[in-house]
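Fair warning: this is a prediction, and the values are worked out from it, not measured in the lab. In the text below, chain A, chain B and the rest are named by the order of the sequence lines, each starting its count at 1. We use all heavy atoms of the structure for the numbers below, so side chains are in, but hydrogens, waters and symmetry mates are not.
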Protein chains: 2
Amino acid sequence: MATGRTHRPATRSRGIPEATVARLPLYLRALTALSERSVPTVSSEELATAAGVNSAKLRKDFSYLGSYGTRGVGYDVEYLVYQISRELGLTQDWPVVIVGIGNLGAALANYGGFASRGFRVAALIDADPAMAGKPVAGMPVQHTDELEKIISDNGVSIGVIATPAGAAQQVCERLVAAGVTSILNFAPTVLSVPEGVDVRKVDLSIELQILAFHEQRKAGEDAAAEAALPAVARDDAAIEAAADNVAASRKGPDGDVPAVMPA
Amino acid sequence: MATGRTHRPATRSRGIPEATVARLPLYLRALTALSERSVPTVSSEELATAAGVNSAKLRKDFSYLGSYGTRGVGYDVEYLVYQISRELGLTQDWPVVIVGIGNLGAALANYGGFASRGFRVAALIDADPAMAGKPVAGMPVQHTDELEKIISDNGVSIGVIATPAGAAQQVCERLVAAGVTSILNFAPTVLSVPEGVDVRKVDLSIELQILAFHEQRKAGEDAAAEAALPAVARDDAAIEAAADNVAASRKGPDGDVPAVMPA
DNA sequence: CATTGTGAACCGTTTCACAGCC
DNA sequence: GGCTGTGAAACGGTTCACAATG
């Protein structure tokens with residue numbers, strides 16, 4: 001999961017818990033799907049399943065927004081879509097700039113999920129003069145020299161950094177100086193920003209490392225089980241020794257082979 | 001923040017807290033940088049700053065791994081790198097497959113951060129027959145038909161899904177059936193997986209929505225401050241009204257303009 | 001009477017503050 | 001003296017369980 005936030009103290013009352021905010025987009029996506037299928041109402045149970053959470057959590061989350069359900073019936077899909085959209089600020093237009101148009105930046109520029117929810121890619125910016133003017137996702141790449149002007153002309157408050165780690169802090173500082181107050185950072189660096197600027201980080205290799213950690217544990221468990229050891233206390237040596245056996249016993253059933261679409 | 005996990009109950013003792021696990025890669029990155037600069041030891045304070053956390057948290061985190069520091073001195077950089085790498089399972093080789101070689105899949109394939117930490121891209125897989133054989137990141141794309149064989153031949157236990165949402169669940173099922181037990185999902189869908197399979201999700205549009213939420217709040221605050229209203233209780237109507245003024249007053253100082261590298 | 005909304009208990013995580021140790 | 005390691009307190013989030021209610 002992406003994470004990392006800079007925050008002012010939770011002064012104001014009736015603040016929605018951060019954990020709840022992070023789930024609202026999930027609910028919104030599930031609700032949008034229901035809306036497209038013209039489903040009029042959902043129960044907390046159904047919606048929770050669709051969003052991949054449990055229903056108690058969902059109900060508590062919604063209780064922070066206000067009470068938009070009907071006891072004995074459920075929630076009105078359209079109404080909830082509206083309320084959550086409004087709460088997330090998606091009823092307004094958010095111009096976004098992407099800085100660093102390499103593989104990842106280009107992928108982001110082409111990503112449909114942005115436009116579909118109020119985000120508009122206002123500009124693509126790269127430091128390579130050779131990139132300037134080149135169309136990516138139907139939009140000409142602009143040179144870094146224009147950064148400040150672009151931000152200011154478009155009233156951009158959200159910036160996406162997809163540069164190499166070495167350039168990220170500099171880019172960040174220029175974005176912030178130009179008026180950006182929210183940054184989504186894909187570069188594998190800790191950005192330091194002034195008070196009042198939010199940073200969220202998405203780090204691919206960190207996610208993999210977390211998976212590797214659990215994977216390693218599973219390997220240890222499997223091996224312990226196979227060796228018919230009592231599954232009680234953990235023993236580091238045993239786990240380490242067992243780790244070498246990972247992936248030894250894998251099966252590859254090719255029963256039904258459904259088609260997969262290209263990304 | 002990327003997130004989302006499927007988990008067996010925390011049966012085993014001496015489990016490292018999930019929150020700590022999620023920070024270990026951060027420490028590792030900071031330590032690696034120190035190591036490259038041949039710094040022999042660090043204090044919890046220095047390392048914490050470099051990793052973007054506070055020192056109490058860092059010390060508590062390390063206390064779960066064992067006590068690898070020296071009071072009055074700090075931590076031995078090389079030794080810590082080794083201990084954390086081992087704990088994360090990065091001393092072994094993790095073959096990974098990427099399914100869905102669109103813009104994002106290609107970006108992932110080219111991403112250097114994988115190889116640098118024990119992850120090896122074993123194969124790139126796509127359902128489009130036209131992609132088959134095409135080289136991406138110096139490696140030929142293989143057709144989905146080969147999925148099971150690839151997983152099995154390479155002992156792959158970690159899969160990355162970068163397909164469109166519609167294909168993700170099917171791909172996921174095939175990966176799992178073929179022996180994959182950890183999945184990093186970039187498709188904007190909730191994947192359902194059997195017990196024992198870990199899923200982590202990275203969702204770009206969710207991250208932006210979370211930023212938009214905070215951005216909206218800031219706009220409300222700013223407006224309230226400008227209007228010289230008492231900064232006490234929140235008033236929804238006022239915030240909504242003020243939201244339209246976002247980005248009205250932006251300055252674009254072009255003082256020093258450092259160069260930015262392409263991504 | 002099915003389903004929401006929510007106090008209260010619970011649990012994991014963070015922070016504090018200081019004892020322990022080099 | 002300086003810095004780690006860690007109990008204990010504080011906090012935020014989740015889950016439970018049931019009263020409220022359309």
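Between B/Lys60 atom NZ and C/dC18 atom P the separation is 15 Å, expressed in whole Å. Atom-to-atom, CD of B/Glu46 to C1' of D/dC3 comes out at 11 Å; the value is rounded to the nearest Å. Computed from coordinates, the B/Glu18 CD to C/dT14 P distance equals 11 Å when rounded to whole Å. Summarising the geometry, the separation between CG on B/Leu47 and P on D/dT4 is reported as 10 Å, rounded to the nearest angstrom. We find that CD of B/Glu45 is positioned 12 Å from C1' of D/dG2, with the value rounded to whole Å.
In this model, a donor atom of one side chain and an acceptor atom of the other lie less than 3.5 Å apart for B/Thr20 and B/Asp61. Side chains of A/Glu36 and A/Thr32: a donor-acceptor N/O pair is absent below 3.5 angstrom, by distance only.
A salt bridge does not link B/Arg59 to B/Glu45: none of the charged side-chain nitrogens sits closer than 4.0 Å to a carboxylate oxygen.
Within 4.0 Å of B/Phe62, counting heavy atoms only, lies no atom of the nucleic acid at all. Note on B/Gly74: only backbone sugar-phosphate atoms sit closer than 4.0 angstrom, heavy atoms only; bases stay farther off.
A close approach under 4.0 Å does occur between a side-chain nitrogen or oxygen of A/Ser44 and OP1 or OP2 of C/dT4. For the pair A/Tyr75 and C/dG5, the criterion of a side-chain N or O lying under 4.0 Å from OP1 or OP2 is met. The side chain of B/Tyr64 contributes no N or O atom lying less than 4.0 Å from OP1 or OP2 of C/dT13. In terms of phosphate contacts, B/Ser67 brings a side-chain nitrogen or oxygen within less than 4.0 Å of OP1 or OP2 of D/dT6. Between B/Lys57 and C/dT15 there is a side-chain N or O to OP1 or OP2 distance below 4.0 Å. Side-chain nitrogen and oxygen atoms of B/Asn54 include at least one within less than 4.0 Å of the OP1 or OP2 phosphate oxygen of C/dT15.
Checking D/dT4, C/dT4, C/dT14 against every side-chain atom of B/Arg23, the shortest atom distance belongs to C/dT14. Distances were taken from every side-chain heavy atom of A/Thr70 (C-beta onward) to each of C/dG5, D/dG22, D/dG2; the shortest belongs to D/dG22. Among the nucleotides D/dT21, C/dT15, C/dT13, the one closest to any side-chain atom of B/Ala19 is C/dT13. Comparing C/dT15, D/dC16, D/dT21 against the side chain of A/Arg71 picks out D/dT21 as the nearest. Looking at the side chain of B/Arg59, the nearest of the listed nucleotides D/dT15, C/dG5, C/dA17 is C/dA17.
Residue A/Pro17 is the one, among A/Gly72 and A/Pro17, whose nearest nucleotide of DNA chain D lies closer to the 5' end (criterion: closest heavy atom).
In the helix from C/dC1-D/dG22 to C/dC22-D/dG1, the terminal helix axes, each the rotation mapping four pairs' C1' atoms onto the next four within five end pairs, subtend 10°, rounded to 10°.
Under the side-chain hydrogen bond (donor to acceptor under 3.5 Å, both in side chains) criterion, B/Thr41 pairs with no residue, sequence neighbours left out.
For the side chain to side chain donor-acceptor pair (under 3.5 Å) condition, the pairs that include at least one residue of residues 65-76 of chain B, sequence neighbours left out, are B/Tyr68-B/Gln83.
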